[in-house]
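Here, residue 1 is the first one in the sequence, and each next residue gets the next number. Please read all numbers here as calculations on a predicted model, not as lab measurements.
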Amino acid sequence: MKNRTNIRWLTQLALLVAILLVLNYTPLGYLQIGPLSASLLTVPVAIGAMTMGPAAGAILGGVFGATSFIQALEGKSAMGSALFQVSPFGTFVVCFVARVLVGLCAGLIFKALCKALPKKEKLCCFLGGLAAPVLNTAFFMGFLVLIFYNCEYVQNLAGTLGATNAFMFIVLLVGVQAIFEWVICCLVAGAVSLPVRKYLKMN
């Protein structure tokens, strides 16, 4: 029975990793809303964290972060490439470590919500779906400001945006796009996780 459970867990994880990679390397991972582009890459991370636990969330976050770091390494991300020139290790922290923490913390938050609201699983799923993109914004921007705020590239970007301090820089850089991402990921991850959790309980 234990082997069957482990195989099912690994199969689910592999499926979510595959979805994450498809979203990351194709336009499917980005939803165009007028002039804005909302990323859906935190959706598989949130689903894994809520249906399989914090460990799976951390692994999926690590896959997300690894692809982000690789893009910076290959020069496919303008910001990532610029940050890599300043500090490869700092870029690794911003791209990879931040995303591992996103998956881990999203899973822990979801478990805490389910414990605090045992009869409101639907609400917990949507709040868990919201937690992942919010944490992604918070960790990514937090590490970015902590490690790179004083470097020339970020200071030039802050000047272009008209930001006079780190907090204003975060708000102006993230902008309305983050709110769209939060809402979309909340709705998609919550809507998918709820029936998946019910199915897993039945089987």
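Hydrophobic clustering, with ILVMFWY side chains joined whenever heavy atoms are under 4.5 angstrom apart, keeps Val134 apart from Leu108. Both Val174 and Leu101 sit in one connected hydrophobic cluster of ILVMFWY residues. Membership requires side-chain heavy atoms under 4.5 Å apart, directly or through other members. Cluster membership for Leu41 and Val17, using ILVMFWY side-chain heavy atoms within less than 4.5 angstrom, is shared. Leu187 and Phe180 are members of different hydrophobic clusters when ILVMFWY side chains are connected at heavy-atom separations under 4.5 Å. Ile70 is not connected to Val100 by any chain of hydrophobic side-chain contacts under 4.5 Å among Ile, Leu, Val, Met, Phe, Trp and Tyr, and they are in different clusters.
Atom CD1 of residue Ile59 and atom CG of residue Leu16 lie 11.0 Å apart, to the nearest 0.5 angstrom. Atom CG of residue Leu83 and atom CG of residue Leu144 lie 6.0 Å apart, to the nearest 0.5 angstrom. Of the inter-residue distances, the one linking Leu113 atom CG with Cys125 atom SG reads 10.0 Å to the nearest 0.5 angstrom. The distance from atom CD of Glu121 to atom SG of Cys124, rounded to the nearest 0.5 Å, is 7.5 Å. Atom CE of Met52 is separated from atom CG of Leu13 by 4.5 Å, given to the nearest 0.5 angstrom. Atoms NZ and CG, on Lys122 and Leu194 in that order, are 7.0 Å from each other to the nearest 0.5 Å.
Counting heavy atoms from C-beta on, the side chains of Gln71 and Tyr25 come closer than 4.5 Å. Contact of the Leu135 side chain with the Ile109 side chain is registered, since non-hydrogen atoms from C-beta on lie closer than 4.5 Å. The side-chain heavy atoms of Glu181 and Thr42, taken from C-beta on, include no pair separated by under 4.5 Å.
For the pair Pro44 and Ile19, the tightest heavy-atom approach, listed with the atom from each and the gap, is CG-CG2, 4.0 Å. The minimum heavy-atom distance linking Leu40 with Cys185 is given by the pair CA-SG, 4.3 Å. The shortest non-hydrogen separation linking Phe96 to Ala66 is CD1-N, 3.6 Å. Between Ala189 and Gly129, the shortest heavy-atom contact is CB-CA, 3.8 Å. The two residues Pro54 and Gly107 have their closest heavy-atom pair at CG-C, 3.7 Å. Scanning all heavy atoms of the two residues, the minimum distance from Val86 to Cys151 falls at CG1-CB, 4.1 Å.
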Q) Going through the distances and angles, do Phe92 and Phe69 end up as a ring pair (Phe, Tyr, Trp, His ring centres under 6.0 Å)? A) CA-CA 6 Å; Phe92 178 80; Phe69 181 71; 5.4 Å; yes
Q: Apply side-chain contact (heavy atoms from CB on, under 4.5 Å) to Leu173 and Met79, showing your working.
A: CA-CA 12 Å; Leu173 185 63; Met79 175 180 283; 4.1 Å; yes
Q.
Determine whether Leu20 and Asn24 satisfy the following criterion, side-chain contact (heavy atoms from CB on, under 4.5 Å), listing intermediate values before the conclusion.
A. CA-CA 6 Å; Leu20 183 57; Asn24 188 73; 5.5 Å; no
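Applying the 4.5 Å side-chain rule to ILVMFWY residues, one finds Phe110 in the same cluster as Met50.
Side-chain N or O atoms of Ser68 include none that pairs as donor or acceptor with a backbone N or O of Phe64 at under 3.5 Å. Not a single donor-acceptor pair under 3.5 Å links the side chain of Ser81 to the backbone N or O of Gly75.
Note on residues 148-175: pairs passing ring pair (Phe, Tyr, Trp, His ring centres under 6.0 Å), not counting sequence neighbours, are Tyr149-Phe169. The stretch residues 128-141 participates, sequence neighbours left out, in these side chain to side chain donor-acceptor pair (under 3.5 Å) pairs: Arg99-Asn136, Thr137-Trp182.
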